[in-house]
Amino acid sequence: IRHFRHIFHIFRFIRTKNLIVRKHTTVVCEAPCKSPCLISLGRDGDHLTKAFLEHYKNLGFKSFIFLDNNSKEECVSHLIDEASALDCDISIYRCNLSYKHFKHSMKNFLVALIPVGTWTFCADSDEFLVLPNGLRDVTQVIDYLEEKEFDTVQYHLLDMFSDKPLHTLTDETEWSLSDLEHHYPYFDISTLRSVQIKESACLKHRGGVRLKHFGVIPLLTKSTFFKKTCETNLRSSHSFLASFTSRPRKVADFTLFAQHFKFNSRYADGLEQAVREKSYYNNSSE
């Protein structure tokens, strides 16, 4: 009984915050949502916009839904221009609430926009999904997932970096994914910490290059490649919260990975801003 009460209070809290986000979100532009769909919550990510849109359109994503959180005005204009140049069906919303207090609810706002049954990938602007060898279209992956009746895919972030100091990196605004891969070709998995939660489950990874050099242990595994069900709420940026009405998610028998171009030309400035604003977990202490 205590467990059920706890779940009830969590959902009431989440729904209250979700409602606040809906009331404080405005529409920039809208387009019909088609499957597969990409959703993204971001701020000042215009330097990766071109590569990001181009990559996911080439993978076969048909709709793009963005929620902008306190970006400079030119960032949204740049996103619209790049989407138009690539002929992407794009919807953009704006919410200026605190990222620290409402980040998960802002992502839940995006999830709520998606029709039930839509395959969706939730990614930050520096995360570039990699398909299995020999596959070029995400619908080939989705066909397998549908055949096996899976509705969730786990994927792991692979932190990519350059051999140059952060303050010397070149602006990436005009780059493609191949340019990113050329300038940020390195990764380090020597300090991964892996754990298997259940006997049949896939491994989850922590650490990596950020553990080796900064002493922090970020979770590198996400479950936000999913099929929308009747009630889908994110518990965090990485996983979902089960409810009384939703059945347990059926996680695929394989995992994917995403190249994570976190250490880009704006990383140092973004880090300084996060520390100054205390916008991340535990006042950005990590």
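Being a predicted model, the structure only gives us computed values, none of them experimental.
- Shown here for Asp137 and Gly60, the closest heavy-atom pair between the two residues is OD1-CA, 4.0 Å.
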Leu59 vs Leu38, side-chain contact (heavy atoms from CB on, under 4.5 Å): CA-CA, chis, key distance, verdict: CA-CA 11 Å; Leu59 288 189; Leu38 184 135; over 6 Å; no

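- Contact of the Cys33 side chain with the Pro115 side chain is registered, since non-hydrogen atoms from C-beta on lie closer than 4.5 Å.
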Verdict with reasoning, Leu192 to Leu220, per side-chain contact (heavy atoms from CB on, under 4.5 Å): CA-CA 9 Å; Leu192 281 183; Leu220 301 174; 3.5 Å; yes

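- Within a 6.0 Å sphere centred on NE2 of His213, heavy atoms belonging to other residues, nucleotides or ligands number more than 12.
- Of the charged side-chain nitrogens involved, none lies within less than 4.0 Å of a carboxylate oxygen, so that Arg266 and Asp126 do not count as a salt-bridged pair.
- Contact annotation: the side chain of Arg22 approaches that of Leu19 to within less than 4.5 Å [non-hydrogen atoms, C-beta and beyond].
- Remark: Thr49 OG1 to His78 NE2 distance equals 4.5 Å, nearest 0.5 Å.
- Classification of the Phe128-Phe52 ring pair by plane angle, with boundaries at 30° and 60°, yields perpendicular.
- In the hydrophobic cluster analysis, where Ile, Leu, Val, Met, Phe, Trp and Tyr join through side-chain heavy atoms closer than 4.5 angstrom, Ile217 is grouped apart from Phe187.
- Electrostatic pairing of Glu146 and Lys227 counts as a salt bridge here, judged by a charged N lying under 4.0 Å from a carboxylate O.
- Using a 4.5 Å heavy-atom cutoff, the side chains of Leu180 and Glu172 are in contact.
- The minimum heavy-atom distance between Asn69 and Leu41, with the atom names listed, is CB-CD1, 4.0 Å.
- Among residue pairs with one or both ends in residues 156-169, those qualifying as side chain to side chain donor-acceptor pair (under 3.5 Å) are His156-Thr221, His156-Thr255, Asp159-Arg210, Asp159-His260; sequence neighbours excluded.
- Using a distance-only test at 3.5 Å, with no hydrogens or angles considered, a donor-acceptor pair links the side chain of Ser35 to the main chain of Trp119.
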Residues Lys228, Val111; criterion side-chain contact (heavy atoms from CB on, under 4.5 Å); working and verdict: CA-CA 8 Å; Lys228 171 74 178 287; Val111 174; 4.0 Å; yes

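- The shortest side-chain heavy-atom distance between Ile142 and Pro36 falls under the 4.5 Å cut-off.
- The shortest distance between side-chain heavy atoms of Leu86 and Glu54 falls below 4.5 Å.
- Atom NZ of Lys57 is separated from atom CG of Asp89 by 7.5 Å, given to the nearest 0.5 angstrom.
- Here the straight-line distance linking atom CG of Leu113 with atom CD1 of Ile39 works out to 8.5 Å at 0.5 Å rounding.
- Side chain of Lys17 to main chain of His101: a donor-acceptor pair is present (N/O by atom type, distance under 3.5 Å, no hydrogens or angles).
- The side-chain contact (heavy atoms from CB on, under 4.5 Å) with Phe261 is formed by just one residue from the set Tyr184, Trp175, Phe161; it is Tyr184.
- In this structure, the side chain of Asp151 engages the main chain of Lys250 through a donor-acceptor pair within 3.5 Å.
- Between the side chain of Ser105 and the main chain of Phe102, no donor-acceptor pair closer than 3.5 Å is present.
- Residues Tyr280 and Ser285 bring no donor and acceptor atom of their side chains to less than 3.5 Å of each other.
- In this structure, Asn264 and His47 approach most closely via the heavy-atom pair OD1-NE2, 3.1 Å.
- For the pair Asp44/Asp269, no side-chain contact is recorded, criterion being any heavy-atom separation below 4.5 Å from C-beta on.
- Atoms CD1 and SG, on Ile65 and Cys122 in that order, are 11.0 Å from each other to the nearest 0.5 Å.
- Between Phe64 and Phe66, the ring planes lie parallel to each other; the angle is under 30°, not in the 30° to 60° tilted range.
- No more than 12 heavy atoms of other residues, nucleotides or ligands sit less than 6.0 Å from atom CD1 of Ile189.
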side-chain contact (heavy atoms from CB on, under 4.5 Å) evaluation trace for Leu79 with Leu53: CA-CA 9 Å; Leu79 176 58; Leu53 287 174; 4.0 Å; yes

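- Ser176 and Ser178 share a donor-acceptor pair across their side chains, judged by distance under 3.5 Å alone.
- Closest non-hydrogen pair, Ser40 versus Ala123, comes out as OG-O, 2.8 Å.
- Under the 30°/60° scheme for interplanar angles, the aromatic rings of Phe109 and Tyr93 are found to stand perpendicular.
- Cluster membership for Val130 and Leu135, using ILVMFWY side-chain heavy atoms within less than 4.5 angstrom, is shared.
- Using modelled atom types, no side-chain atom of Ser223 and backbone atom of Gln154 make a donor-acceptor pair closer than 3.5 Å.
- Contact of the Tyr155 side chain with the Leu157 side chain is registered, since non-hydrogen atoms from C-beta on lie closer than 4.5 Å.
- No side-chain donor-acceptor contact under 3.5 Å links Ser84 and Asp81.
- Across all non-hydrogen atoms, the minimal contact from Asp46 to Cys75 is OD1-SG, 3.2 Å.
- Of the possible donor and acceptor atoms, none in the side chain of Ser279 sits under 3.5 Å from a partner among the backbone N and O of Tyr99.
- In this structure a side-chain-to-backbone donor-acceptor pair under 3.5 Å is missing from Arg193 to Gly207.
- Between Thr118 and Ile114, the shortest heavy-atom distance links the atoms CB-CG2, 3.2 Å.
- Here Gln259 contributes atom CD and Glu127 contributes atom CD; the two are 12.0 Å apart, rounded to the nearest 0.5 Å.
- The CD atom of Glu82 sits 9.5 Å away from the SG atom of Cys88 when rounded to the nearest 0.5 Å.
- You'll find the side chain of Thr170 stays beyond 4.5 Å of the side chain of Ser265, heavy atoms only.
- Salt bridge Asp188/Lys212: present, at least one basic N to carboxylate O contact under 4.0 Å.
- Between Tyr56 and Phe61, the ring planes lie perpendicular to each other; the angle is over 60°, past the 30° to 60° tilted range.
- Residue Arg276 places its CZ atom among more than 12 non-hydrogen atoms of other residues, nucleotides or ligands, all under 6.0 Å distant.
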